[in-house]
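Protein chains get the first letters and strands the later ones, always in sequence-line order, with residue 1 at the start of each.
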Number of protein chains: 2
Amino acid sequence: MSIAGVAEQAGVSVATVSRVLNGHSNVRPETRDRVLAAVQTSGYRVNELARNLRTAESHLLLTMVPDFGNPFYAEVVRGIDAVARQHGYFMLLCDTGADPGRERSYFDMLRRHRADGAICLDPDTVQHALAEDSGTLPWVACCEFDTDMGVPWVGIDNYRAAGDAVRHLLSRGRRRIGLINSDDGYLYARQRQEGYLDALRDAGVTPLSAWRRNVYSLDYEAAATAAAELVQQSGENAPDAIFAVSDTLAIGAINGLRSVGKRTPADVAVVGFDDISVAAQIDPPLTTIAQPMRELGETAARLLLKRLADPAASVPGVLLPHRLVVRLSA
Amino acid sequence: MSIAGVAEQAGVSVATVSRVLNGHSNVRPETRDRVLAAVQTSGYRVNELARNLRTAESHLLLTMVPDFGNPFYAEVVRGIDAVARQHGYFMLLCDTGADPGRERSYFDMLRRHRADGAICLDPDTVQHALAEDSGTLPWVACCEFDTDMGVPWVGIDNYRAAGDAVRHLLSRGRRRIGLINSDDGYLYARQRQEGYLDALRDAGVTPLSAWRRNVYSLDYEAAATAAAELVQQSGENAPDAIFAVSDTLAIGAINGLRSVGKRTPADVAVVGFDDISVAAQIDPPLTTIAQPMRELGETAARLLLKRLADPAASVPGVLLPHRLVVRLSA
DNA sequence: CTGAAAGCGCTAACAA
DNA sequence: TTGTTAGCGCTTTCAG
C-alpha cells in the first residue's frame with residue numbers, strides 16, 4: 001500500500017496525502033481528517049526509502065568502534081544513541097575490530113548515501129587513512145583524536161590524566177611504578193605513556209623500560225600475564241605499583257598479581273582508567289581515572305549533528321574533564 | 001555525480017553502466033573497461049537509497065536489545081553482526097531499554113522499509129505485543145522466546161540450566177539456596193525460577209520465599225543489597241548459597257556478601273549465569289552456567305536470513321546447549 | 001486549499 | 001551487446 005492507494009481511498013491527490021503526512025498547514029481540516037482516516041484503515045506506512053531518496057538524506061548515523069564488547073565503548077555509544085534518537089536519527093553501530101579494511105567499508109556507507117554522518121572511535125592510525133581521501137565527508141572523532149587532522153573531535157586530556165594517576169601512586173609512596181599499556185596504534189595509548197613517563201621524571205624517578213608492557217588486545221588474560229611478569233622480575237625491576245591504561249587491563253592485572261601471590265594494594269598498588277561499572281565491584285575496588293563516557297558520546301553526536309545542519313559551520317574540538325576516583329586498590 | 005554522469009563520460013547508456021556495476025555478464029569487455037574507467041575518474045559511488053528503492057530491500061538488519069551495556073548481549077550481538085556482514089547485510093543495533101514504546105518505534109522501521117528484518121532480544125512480554133499486530137513481519141526471537149508465539153527462535157533450556165546450577169550447589173552440600181532473580185517480565189527469569197524451585201523440591205528441600213529476591217535492573221548495587229539482605233536474615237531464612245540468574249548479579253552479590261563480612265564460598269557459595277568474560281577474573285572466580293553467546297547470535301542471524309531468502313520456508317526453533325563451568329565461588 | 005507533473009538515482013523489461 | 005523507457009514511492013514546485 002503506497003501513498004497513491006491512500007490518496008485514492010480518501011478521494012484526494014497524492015500531493016495532499018503527502019502534505020498531511022508531513023504536517024503541512026495548508027490543508028483543510030476536513031480533508032486532513034479524511035486522509036488520516038484512510039491512512040488508519042489502510043494501515044499505510046511511509047516508505048522511507050522513497051522519502052529518503054527524494055530528500056537525499058537517510059537520517060542514519062554511523063558509529064564505528066574498535067570493539068563493542070568493551071564496556072567503555074558501550075557507555076559512550078549509549079550517549080551517542082540518546083542524542084541521535086532525540087534528534088530523529090537512528091544510530092548504526094559498526095564493530096570495525098580496528099581493521100582499516102572494515103573501517104573503509106563502513107565509511108563507504110557515507111559515500112553511498114546510506115548514512116548521513118559518522119562518529120569514529122577507532123585508532124588514530126586508521127582515522128588518518130580516512131581523513132586523507134574523505135576530508136569532505138561529515139564525521140567526527142571521539143575519544144581518539146588527532147587535533148591537526150582537521151576533523152571535529154571530543155575527548156579527554158590523556159596526557160594529564162595519566163599524570164594524575166601516576167602522581168596519585170607517587171603520593172602513596174610508590175616509586176617503582178609499572179605501566180600496562182594497550183596497542184600503541186592508539187594515540188591515547190601513546191599520550192598516556194608520555195604522561196606516565198613525564199610524571200615519573202618530574203618526581204625524580206627514572207622510569208625503567210622493564211616496568212612497561214604492551215598488551216595488544218584488551219583482554220584480561222594478557223593483562224594478567226603481563227602483571228605477573230612485571231612483578232616477578234628481580235630487584236628494582238619489580239614495580240610496587242601498576243598503572244593500567246584501562247580498567248579491563250587493571251582487573252586482569254589484579255588477577256595476575258593474585259595468581260603469583262601478590263596482594264593488592266599491600267604488595268602492589270593498581271590504578272586503572274575509565275571507571276567502568278565493574279571497577280567498583282571487584283576486590284579490592286579499583287582506583288581509577290573516570291572518563292565522562294556518556295558525555296563523550298553525547299558531545300560527539302551533537303558535534304556531528306551541528307556539522308550536518310550546517311556543513312559550513314566550523315565545529316570546535318572539545319576537551320572534557322576526567323577525574324581521579326580513589327578506591328582501595330591504590 | 002550519478003549514474004547518468006558516468007554514462008555520459010563513458011559514452012554509453014545508463015543501462016550499460018548499471019550492468020557493469022552489477023556485474024552482469026552481457027557487456028563487451030571493452031565497454032566494461034570504458035565504464036570502469038569513468039567510474040574511477042569521476043569518483044562515482046552508487047546511491048544505495050535509489051538502488052534500494054528500486055529493489056525494495058535495504059539490506060539492513062535490526063537487532064533490538066534491552067540493554068547493550070550488558071556484556072552478555074554484546075557478545076550475542078557480535079555473533080549476529082558477523083553472520084550478517086558475511087551475507088552482505090548491515091546490522092543496526094537498537095537499545096530499547098525493554099521499553100515497549102521504543103521497541104515499537106524501532107519495529108516500525110521494518111514496516112517503513114528501512115530494514116529488511118529484525119532480531120529481538122527483548123522480554124517476551126514486549127515481544128507479545130509485537131507478535132500480535134505484526135505476525136507477518138520477518139523477525140526472530142533470540143535468547144528470550146515463547147515457543148508458541150509462532151516466531152522463529154533460538155535460545156537455551158533455561159529451566160534445565162537453572163536446575164543444573166542448583167544441583168551443583170546441592171552436590172556441594174548446600175541446602176538453603178537463595179535466588180537472586182531479575183525482572184520477571186523476562187520469560188527466562190520465570191523459567192529459571194521454576195528450574196530452581198523444582199530442583200530444590202526434587203532434592204527434598206522446601207524452598208522458602210525468604211530466600212528469593214528480584215532485582216529490577218541488571219546492576220551491581222541492587223544485587224549487592226539483595227545478597228546482603230538475604231544472608232542477614234535470622235536462622236534458616238539465611239541461605240548458605242546463592243544462585244544469581246546472571247553473572248552481573250552474581251558479581252554484585254559477592255561484593256554485597258563481602259560488605260557484610262561473609263566470605264565466598266566459605267560462608268556463602270555463589271553461582272552465576274552467562275559466563276561473561278569478567279566471570280573468571282573476579283575473586284573468587286565465578287562458577288557459572290555458560291551460554292553459547294556467540295552461537296546464539298549467529299544462529300539467530302541465520303534463521304532470519306533464511307526467512308528473508310524464502311518467506312514461505314518454515315524456520316525451526318533451535319535450542320543450544322548450556323554448560324556448567326565450575327570455578328571457585330561454588 | 002488542492003491537483004498535475006516533474007524528478008530523486010537506480011534497475012529491469014523490452015527493443016533494436 | 002546495447003539503448004530506451006517505465007517505474008520504485010515519495011516530495012515539491014507550479015498552476016489553478
Side-chain angles (χ1 to χ4, degrees), chain A residues 1-39 42-60 88 90 108-116 308, chain B residues 1-39 42-60 88 90 108-116 137:
Chain A
M1 169 62 78
S2 78
I3 212 177
V6 178
E8 186 175 8
Q9 211 170 112
V12 298
S13 74
V14 294
T16 301
V17 177
S18 176
R19 284 190 192 101
V20 345
L21 254 27
N22 292 287
H24 293 191
S25 55
N26 50 347
V27 177
R28 189 150 46 98
E30 177 191 312
T31 313
R32 137 181 265 90
D33 290 345
R34 204 141 35 90
V35 171
L36 256 19
V39 169
S42 66
Y44 164 83
R45 306 281 167 157
V46 291
N47 181 331
E48 305 231 23
L49 247 27
R51 170 179 289 176
N52 293 339
L53 171 59
R54 182 57 220 231
T55 59
E57 48 187 22
S58 65
H59 278 245
L60 224 54
F90 284 99
D108 254 8
M109 293 186 73
L110 282 191
R111 301 198 185 83
R112 297 173 179 211
H113 302 268
R114 293 207 53 153
D116 292 345
L308 254 23
Chain B
M1 170 63 79
S2 78
I3 212 175
V6 178
E8 185 176 8
Q9 210 170 113
V12 298
S13 73
V14 294
T16 301
V17 176
S18 175
R19 285 188 191 102
V20 345
L21 253 27
N22 291 287
H24 293 191
S25 54
N26 49 349
V27 177
R28 191 150 45 98
E30 179 191 309
T31 312
R32 135 180 266 92
D33 291 345
R34 203 139 38 86
V35 171
L36 256 19
V39 168
S42 65
Y44 164 83
R45 306 279 167 161
V46 292
N47 182 330
E48 304 230 23
L49 246 29
R51 169 180 288 177
N52 293 339
L53 171 59
R54 181 59 222 228
T55 59
E57 50 186 21
S58 64
H59 279 245
L60 224 54
F90 284 100
D108 255 9
M109 294 185 73
L110 282 191
R111 302 198 185 81
R112 299 171 178 212
H113 302 269
R114 295 207 51 154
D116 292 344
L137 259 24

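- Phosphate contact (OP1/OP2 of D/dG3, side-chain N/O of B/S13, threshold under 4.0 Å): present.
- Note on A/N22: only backbone sugar-phosphate atoms sit closer than 4.0 angstrom, heavy atoms only; bases stay farther off.
- In this structure, B/A15 reaches the bases: a heavy-atom distance under 4.0 Å links it to at least one base atom across the strands shown.
- For the pair A/S18 (side chain) and A/V14 (backbone), a donor-acceptor distance under 3.5 Å is absent.
- Counting non-hydrogen atoms of other residues, nucleotides and ligands closer than 6.0 Å to CD of B/E8 gives a total of 12 or fewer.
- Under the 3.5 Å distance criterion, the side-chain polar atoms of B/S42 are left unmatched by any main-chain donor or acceptor of B/V6.
- Side-chain nitrogen and oxygen atoms of B/R28 include none within less than 4.0 Å of the OP1 or OP2 phosphate oxygen of D/dT1.
- At a cut-off of 3.5 angstrom, counting only N and O atoms as typed in the model, there is no donor on one side facing an acceptor on the other between the side-chain of B/R54 and the base of D/dG9.
- B/T16 comes within 4.0 angstrom of the backbone, heavy atoms only, and of no base.
- Across all strands, A/N26 comes closer than 4.0 Å to base atoms (heavy-atom distances).
- In this structure, a donor-acceptor pair under 3.5 Å is present between the side chains of B/D116 and B/S58.
- For D/dT11, the OP1/OP2 oxygens have no side-chain nitrogen or oxygen of A/T55 closer than 4.0 Å.
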